[in-house]
Amino acid sequence: RPEARLPGQAGRLSSERTLVEVLGVFEAHDTPEPGLLKKLCVSKDPNVRAYAAGVVARWYDRLPNAISLLNPLAEDTIPRVRLAAIVAAGNNPTEETLKSVLINAQYIEAQRNPHDPFIDLAGRAASEPMKPFRSTLVGIQRGPLRPSVPPATNPPSSVKLSPTPAATGKLRATPEFVAELVKEVRASGDARHGAEVFRRAELACTACHSIEDKGGKIGPPLDAIGSGQPLDFIIGAVLEPQREIKESYEAVELSAKDGRKLTGYIVARDATGVTLREPATGAETKLAPADVAAEKQIGSFMPAGLVDALSREDLRDLFRYLSELGKPK
């Protein structure tokens with residue numbers, strides 16, 4: 001590989017990419033390699049750290065130091081890395097992951113201003129299977145934050161509507177890019193490998209979407225997406241999730257005047273107030289108009305740039321898998 005000999009930063013990145021590819025070989029053979037994984041968990045590239053968190057989740061019960069690998073990732077400065085670590089903890093619901101990873105992550109996230117709604121939601125979803133352990137951990141106290149974070153400000157006294165978040169990552173659903181990818185998917189996409197990509201912990205697809213009633217209920221079920229939507233639509237919806245939002249899955253964040261922040265889907269709105277459904281649990285909360293301080297449009301809970309770090313092969317195969325869901329075998 002000629003680029004591996006480039007000096008300075010380029011050489012380091014090239015070498016690190018090689019290590020990622022090597023780890024992928026170990027993954028393919030389902031053979032844990034703790035030493036290599038540990039190196040990638042402290043990579044300078046946040047995409048690599050997020051990928052490493054997913055590998056920790058997959059090998060969790062066969063790693064001697066899974067918790068020590070996840071803890072720093074759950075407190076990472078980059079939201080995508082924290083999200084991957086929280087999803088990894090949720091995929092391994094034990095008292096240890098609750099106490100050492102999830103509680104730490106949620107405590108730190110609560111101090112951030114503004115909150116990241118995707119991480120808040122992932123934390124609540126990950127907490128659900130850990131409920132049996134919570135009663136034994138009620139007395140846990142956290143020490144001072146590292147680093148300190150300014151306290152949250154009070155919500156405004158009048159209702160304000162905030163704009164929808166950014167809709168794109170590095171990959172854009174331009175007509176040219178989508179058309180080219182459609183051709184590749186149809187010509188050489190591998191649905192079987194695409195199913196494996198879909199289940200990767202760092203993507204968190206199964207935490208939000210269900211197939212055959214298996215998976216999360218945060219986003220719409222995907223059982224029939226391949227038969228119900230054309231391939232170019234599926235690609236656009238994944239690359240630019242704010243552009244294509246299924247009806248009744250348009251998320252909002254309500255700030256109550258008592259300081260609460262509620263995130264979810266509006267299921268009813270009339271003169272008596274607004275009712276919000278929390279996606280992870282299905283719980284509904286109604287606020288009277290006088291109790292609402294602000295309403296922020298989130299749009300899709302799926303973060304932009306989720307598939308940016310995938311290889312071209314992984315991207316192609318993922319879309320081949322999605323495009324075949326619901327079609328006759």
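The structure presented is a predicted model; accordingly, all values stated were derived computationally and were not measured.
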Is there a donor-acceptor pair closer than 3.5 Å between any side-chain N or O of [X] and the backbone N or O of [Y]?
X: Y321; Y: G189; value: no
X: D223; Y: E212; value: yes
X: D308; Y: L171; value: yes
X: D190; Y: H193; value: yes
X: S43; Y: C41; value: no
X: Q242; Y: S300; value: yes
X: K214; Y: S210; value: no
X: H209; Y: P220; value: yes
X: R82; Y: D76; value: yes
X: K257; Y: A290; value: yes

Could you tell me which non-hydrogen atom of [X] sits nearest to which non-hydrogen atom of [Y], and how far apart they are?
X: W59; Y: E33; result: CZ3-N, 3.3 Å
X: K327; Y: S323; result: CE-O, 3.0 Å
X: L63; Y: P34; result: CD2-CG, 4.0 Å
X: A85; Y: A53; result: N-CB, 4.0 Å

Under a 4.5 Å cut-off applied to non-hydrogen side-chain atoms, are [X] and [Y] in contact?
X: F198; Y: L222; value: yes
X: C208; Y: F301; value: no
X: V81; Y: I78; value: yes
X: K170; Y: L239; value: no
X: T263; Y: V252; value: no
X: I266; Y: R277; value: no
X: R260; Y: L287; value: yes
X: D258; Y: D291; value: no

[X]-[Y] co-clustered via ILVMFWY side chain contacts under 4.5 Å:
X: F233; Y: L231; result: no
X: V267; Y: V274; result: no
X: V42; Y: L19; result: no
X: V56; Y: L36; result: yes

What is the distance from atom [atom1] of [X] to atom [atom2] of [Y], rounded to the nearest 0.5 Å?
X: I86; Y: L70; atom1: CD1; atom2: CG; answer: 10.5 Å
X: L203; Y: L310; atom1: CG; atom2: CG; answer: 5.5 Å
X: I211; Y: R199; atom1: CD1; atom2: CZ; answer: 8.5 Å
X: K246; Y: I225; atom1: NZ; atom2: CD1; answer: 8.5 Å
X: L40; Y: D45; atom1: CG; atom2: CG; answer: 10.0 Å
X: L69; Y: K38; atom1: CG; atom2: NZ; answer: 7.5 Å

Could you list the donor-acceptor pairs under 3.5 angstrom formed between side-chain atoms of residues 176-186 and any protein atom two or more places apart in sequence or on another chain?
from	atom 1	to	atom 2	distance (Å)
E184	OE1	R312	NE	3.1
E184	OE2	R312	NE	3.3
E184	OE2	R312	NH2	2.8

Residues forming a salt bridge (Lys or Arg N to Asp or Glu O under 4.0 Å) with R269, sequence neighbours excluded:
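Scan of R269 (salt bridge (Lys or Arg N to Asp or Glu O under 4.0 Å), adjacent residues dropped) gives E295.
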Are M302 and L306 close enough, and set up right, to give a side-chain contact (heavy atoms from CB on, under 4.5 Å), and what steps lead you there?
CA-CA 8 Å; M302 181 177 173; L306 191 62; 3.9 Å; yes
Run Y51 and L23 through side-chain contact (heavy atoms from CB on, under 4.5 Å) and show every step you take.
CA-CA 10 Å; Y51 165 65; L23 186 63; 3.8 Å; yes
Residues which pass ring-ring contact (aromatic ring centres under 6.0 Å, His included) with F319, listed by chain and number, not counting sequence neighbours
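Here no residue qualifies.
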Should the heavy atoms of other residues, nucleotides or ligands under 6.0 Å from CG of D270 be counted, would the total exceed 12?
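Yes, CG of D270 has more than 12 neighbouring heavy atoms, counting only those of other groups under 6.0 Å.
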Quick one, E21 with R17, criterion salt bridge (charged side-chain N to carboxylate O under 4.0 Å, His left out). Give me CA distance, side-chain angles, the key distance, then yes/no.
CA-CA 6 Å; E21 293 173 352; R17 178 177 177 180; 3.5 Å; yes
Salt-bridge present (E196, R192; N to O < 4.0 Å)
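Result for this pair is no, no salt bridge flagged.
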side-chain hydrogen bond (donor to acceptor under 3.5 Å, both in side chains) for K261 and S255? Distances and angles first, verdict last.
CA-CA 5 Å; K261 287 188 181 294; S255 296; 3.0 Å; yes
